[in-house]
Amino acid sequence: MAKKIVITIARQYGSGGREIGEKVAEMLGIPIFDKQLITDAASKGNLSEDVLQRTDESAANSLLYTLAVGSNVVGSSMPFGYKMPINDKLFILQSEVIKEYAKMGSCVIIGRCSDYVLREDKDVFRLFIYGDLEHRKERVRERHPEIKTAQLVDIINRTDRRRASYYNFYTGNKWGKYDNYDMAINSSTLGIQGTADLIVSCAKKLTEE
């Protein structure tokens, strides 16, 4: 690629957004950042990675959860944001890490309001991946065969509500609303590989000199 591009991917649960992001990163030869965000955010704020992992993508108004885990979060050095809810600490730290990733060069970033965090960056290609419910149910069933069929829709809906709550709370925008993104793609139409191919084609076009 001739120019830098940072591809942010927000996604419905079961749409294959993470797998699509991995394929896009591999095809373009650029890094992908997902769960590593937790590790780097914990290191940056001297916080417990285990607690941050459990807090990941939860809205800050989950007061009971914050009170329950708050006393276990701070590391041995100067506490970061002593009276700040753990969810808020995580969002701020992840936002700082996301900006650092973007400065490093081209990459793919999964979730964490990265499209909003990098809203002033001109080199960002913001995507929302969604899918037909039946396809999403099948993907979740394949990944988690222990889940009963009758529970699949409930799990999908609850996960999407959690992601929407997190995004809406911290950005003031509506998760999944088309004008927050450069492109929304139904992964059920082209499949995982076909969707990745489409994104790569667009990314190459956007990075042409």
Side-chain angles (χ1 to χ4, degrees), residues 1 3-11 17-18 21-22 24-25 28-63 65-129 159 162-177 180-182 203 206-207:
M1 295 184 296
K3 296 190 297 185
K4 184 184 84 170
I5 187 169
V6 177
I7 301 172
T8 65
I9 298 180
R11 75 282 185 215
R18 178 181 289 108
E22 291 171 349
V24 168
L28 293 175
I30 59 179
I32 181 171
F33 299 106
D34 183 10
K35 294 300 183 182
Q36 185 180 339
L37 274 162
I38 301 295
T39 301
D40 292 343
S43 176
K44 190 176 186 66
N46 191 38
L47 303 177
S48 164
E49 183 176 346
D50 179 62
V51 173
L52 290 190
Q53 186 70 49
R54 284 182 281 143
T55 309
D56 187 30
E57 291 193 0
S58 298
N61 55 356
S62 179
L63 179 59
Y65 180 82
T66 299
L67 291 175
V69 303
S71 60
N72 300 318
V73 174
V74 181
S76 58
S77 299
M78 180 71 71
F80 167 75
Y82 177 67
K83 295 183 179 181
M84 185 184 298
I86 179 61
N87 315 71
D88 291 351
K89 296 178 187 178
L90 176 58
F91 178 76
I92 292 171
L93 290 168
Q94 282 188 339
S95 296
E96 293 176 358
V97 170
I98 286 169
K99 291 176 181 179
E100 291 173 1
Y101 291 158
K103 288 180 181 179
M104 290 167 55
S106 296
C107 61
V108 175
I109 304 176
I110 304 295
R112 281 81 181 188
C113 304
S114 50
D115 58 282
Y116 177 81
V117 172
L118 300 175
R119 62 192 180 281
E120 296 180 359
D121 193 323
K122 297 180 180 180
D123 300 316
V124 179
F125 185 30
R126 302 166 181 83
L127 303 174
F128 185 83
I129 307 297
T159 303
R162 177 171 57 83
R163 290 178 177 175
S165 175
Y166 177 85
Y167 185 90
N168 299 349
F169 183 89
Y170 284 110
T171 70
N173 295 330
K174 187 174 181 179
W175 182 77
K177 192 170 185 291
N180 292 328
Y181 312 94
D182 298 307
L206 289 170
T207 54

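Counting begins at 1 with the first residue of the sequence.
Considering only heavy atoms from C-beta on, L28 stays 4.5 Å or farther from V108 through its side chain.
Within the 3.5 Å criterion, the main-chain N or O of K174 finds no donor-acceptor partner in the side chain of Y167. The backbone N or O of N180 lies less than 3.5 Å from no partner atom in the side chain of R119, so there is not a single donor-acceptor pair. A distance-only check finds no donor-acceptor pair linking the side chain of R18 to the backbone of R11 [under 3.5 Å].
Note that the OH atom of Y101 and the CG atom of L118 stand 12.0 Å from one another [nearest 0.5 Å]. Considering OG1 of T8 and OH of Y116, their distance stands at 14.0 Å, rounded to 0.5 Å. C107 contributes atom SG, which lies 8.0 Å from atom NZ of K4 (distance to the nearest 0.5 angstrom). A distance of 7.5 Å separates CD1 of I5 from CD1 of I30, quoted to the nearest 0.5 Å. Summarising the geometry, atom OH belonging to Y181 is positioned 12.0 Å from atom CD1 belonging to I9; distances are rounded to the nearest 0.5 Å.
The side chain to side chain contact (heavy atoms under 4.5 Å, CB included) test with I98 singles out one residue from D121, D115, V6, I109, and that residue is I109.
In this structure, A25 and I32 approach most closely via the heavy-atom pair CB-CB, 3.9 Å. Among all heavy-atom pairs drawn from F33 and Q36, the shortest one is CD2-OE1, 3.7 Å. Summarising the geometry of D182 relative to V124, their closest heavy-atom pair is OD2-O, 3.5 Å, with the distance given to 0.1 Å. The shortest heavy-atom contact between I7 and A203 is CD1-CB, 4.1 Å. Nearest heavy-atom pair, F169 versus D88, reported as atom, atom and distance to 0.1 Å: CE2-OD1, 4.4 Å.
Using bins of under 30°, 30° to 60° and over 60° for the plane-to-plane angle, the ring pair Y166/F91 lands in the perpendicular bin.
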Exercise. Under the side-chain contact (heavy atoms from CB on, under 4.5 Å) criterion, do D34 and R112 qualify, and how do the steps go?
Worked result: CA-CA 9 Å; D34 183 10; R112 281 81 181 188; 2.4 Å; yes
Exercise. Checking side-chain contact (heavy atoms from CB on, under 4.5 Å) for the pair Y170/Q94: CA distance, chi angles, key distance, verdict?
Worked result: CA-CA 12 Å; Y170 284 110; Q94 282 188 339; over 6 Å; no
